[in-house]
Amino acid sequence: MRNPAIQNDFSYYRRTISRNRINNMHLDIENEVNNEMANRMSLFYAEATPMLKTLSNATTSFVSDNKTLPIENTTDCLSTMASVCKVMLETPEYSSRFSSEDTLMFCMRVMVGVIILYDHVHPVGAFCKTSKIDMKGCIKVLKEQPPDSVEGLLNALRFTTKHLNDESTSKQIRAMLQ
């Protein structure tokens, strides 16, 4: 999402390799990516947030493959992680213990990531009133940070969640993400 040029760079690499094959210039064949892997990499990088999409698919697959495990086990774990991150960020006593801005950013990224995972796995998502995630509080915590550092995270919530635009999402939450 923050580095769209990587897909273009990879396409350039593939065209160069293809031209080299046509011209019989097998320069460094052992380090060359084979066609099947290159196709899979292209599909991976075609996503706006490829790693988050992969995690979301894996978590959704885990839940659907393990029908004997209650879905609440997974969603409770994700909501607890989001709540812990929110409390760590909003409580000065805890956030002052972080020695680096990178740690704060990591905590915000984890919070947003688990919210998105929860939204993809839970049948009604993270934005409904019955959600175990305090979405208003989480968005408020993000908006209290410098705008340039959290714009990508807010965009991730806007554009990679499944249920934000559902009717069950409160207008107040939608307005906070506008």
Side-chain angles (χ1 to χ4, degrees), residues 1-13 41-60 62-63 74-178:
M1 200 161 154
R2 292 177 45 121
N3 191 4
I6 194 164
Q7 191 173 8
N8 292 333
D9 294 344
F10 190 67
S11 293
Y12 174 77
Y13 166 79
M41 289 172 70
S42 285
L43 288 174
F44 177 79
Y45 288 122
E47 296 290 335
T49 53
M51 194 63 203
L52 194 55
K53 180 69 174 169
T54 302
L55 281 171
S56 175
N57 288 344
T59 306
T60 303
F62 171 80
V63 168
T74 304
T75 55
D76 286 353
C77 178
L78 295 171
S79 63
T80 300
M81 289 174 70
S83 296
V84 167
C85 289
K86 181 182 82 70
V87 168
M88 286 170 53
L89 290 164
E90 73 185 356
T91 309
E93 179 186 342
Y94 300 135
S95 60
S96 65
R97 294 180 189 175
F98 298 139
S99 59
S100 165
E101 279 295 311
D102 291 340
T103 308
L104 282 172
M105 280 306 299
F106 175 75
C107 198
M108 287 185 275
R109 287 184 189 117
V110 169
M111 181 178 74
V112 169
V114 295
I115 288 169
I116 294 168
L117 287 176
Y118 183 99
D119 192 60
H120 281 256
V121 172
H122 196 278
V124 292
F127 298 98
C128 70
K129 289 181 177 158
T130 58
S131 168
K132 294 184 178 177
I133 296 177
D134 174 16
M135 285 307 302
K136 290 177 190 169
C138 290
I139 295 168
K140 183 176 170 257
V141 164
L142 289 173
K143 290 207 165 201
E144 289 171 349
Q145 308 303 318
D148 57 320
S149 65
V150 295
E151 192 59 34
L153 297 173
L154 291 169
N155 282 339
L157 288 175
R158 289 179 188 117
F159 303 121
T160 62
T161 51
K162 245 171 122 171
H163 297 95
L164 176 62
N165 294 318
D166 288 0
E167 300 231 355
S168 60
T169 303
S170 79
K171 290 178 181 156
Q172 189 177 15
I173 289 176
R174 273 193 225 151
M176 289 176 82
L177 284 173
Q178 292 301 320

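From a predicted model like this one, the values you see are computed outputs, not experimental measurements. For reference, positions follow the sequence shown, starting with 1. For the numbers below, each heavy atom of this structure counts, side chains included, while hydrogens, waters and symmetry mates do not.
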### Query
How far does NZ of Lys132 sit from CG of Leu78, to the nearest 0.5 angstrom?
11.5 Å
### Query
Can you find a pair of side-chain heavy atoms, one from Leu89 and one from Met108, that are under 4.5 Å apart?
yes
### Task
Inspect the surroundings of NZ in Lys140 and state if more than 12 heavy atoms from other residues, nucleotides or ligands are less than 6.0 Å away.
no
### Query
Any side-chain heavy atom of Cys128 within less than 4.5 Å of one from His163?
no
### Query
Quick one: are Thr54 and Phe44 in side-chain contact, heavy atoms under 4.5 Å?
yes
### Query
If you measure from CE on Met105 to OG1 on Thr103, what distance do you get to the nearest 0.5 Å?
11.0 Å
## Note on the structure
Distance col, row Leu52:CG vs Ile116:CD1, nearest 0.5 angstrom, shows 4.5 Å
### Query
Does Thr91 use its side chain to pair, donor to acceptor, with the backbone of Met88 at less than 3.5 Å?
no
### Query
So, the side chain of Ser79 versus the backbone of Asp76: is there a donor-acceptor pair under 3.5 Å, distance only?
yes
### Task
Kindly give the heavy-atom pair with the smallest separation between Phe62 and Thr74, and that separation in Å.
CE2-OG1, 3.8 Å
### Message
For the backbone of Asn165 and the side chain of Thr169, can you confirm whether one donor and one acceptor N or O come within less than 3.5 Å of each other?
### Response
no
### Task
List the atom of Val112, the atom of Ala156, and the distance in Å for their closest heavy-atom pair.
CG1-CB, 4.2 Å
### Query
About how many Å separate CG of Leu117 and OG1 of Thr161, when rounded to the nearest 0.5 Å?
12.0 Å
#### Entry: Closest approach of Arg158 to Gln178 (non-hydrogen atoms, all atoms of both residues)
NH2-O, 3.7 Å
### Leu157 side chain near Leu164 side chain, heavy-atom distance below 4.5 Å
no
### Task
Kindly indicate whether the side chain of Leu153, heavy atoms from C-beta on, has any atom under 4.5 Å from the side chain of Met111.
no
#### Entry: Residue Tyr12 excluded, over 12 heavy atoms near OH under 6.0 Å
no
### Message
For Gln172, I'd like to know if atom CD has over 12 heavy atoms of other residues, nucleotides or ligands within 6.0 Å.
### Response
no
### Query
Considering residues, nucleotides and ligands other than Tyr45, do more than 12 of their heavy atoms fall under 6.0 Å from its OH?
no
### Task
Calculate, to the nearest 0.5 Å, the distance between atoms SG and CG belonging to Cys107 and Asp102 respectively.
12.5 Å
### Query
Would a 4.5 Å heavy-atom cut-off, applied to side chains only, mark Thr59 and His120 as touching?
no
### Task
Please report the closest heavy-atom contact between Lys136 and Met176, naming both atoms and the distance.
O-CE, 3.4 Å
### Query
Tell me, do Tyr118 and Met81 make a side-chain contact under 4.5 Å, heavy atoms counted?
no
### Query
Under 4.5 Å between any side-chain heavy atoms of Cys138 and Ile133, yes or no?
yes
#### Entry: Smallest separation among heavy atoms of Ser131 and Gly125, with atom names
CB-O, 3.9 Å
#### Entry: Residue pair Leu104, Glu101: steps toward the side-chain contact (heavy atoms from CB on, under 4.5 Å) verdict
CA-CA 5 Å; Leu104 282 172; Glu101 279 295 311; 3.7 Å; yes
### Message
side-chain contact (heavy atoms from CB on, under 4.5 Å), that's the test. Do Met135 and Ile115 meet it? Break it down for me.
### Response
CA-CA 9 Å; Met135 285 307 302; Ile115 288 169; 3.7 Å; yes
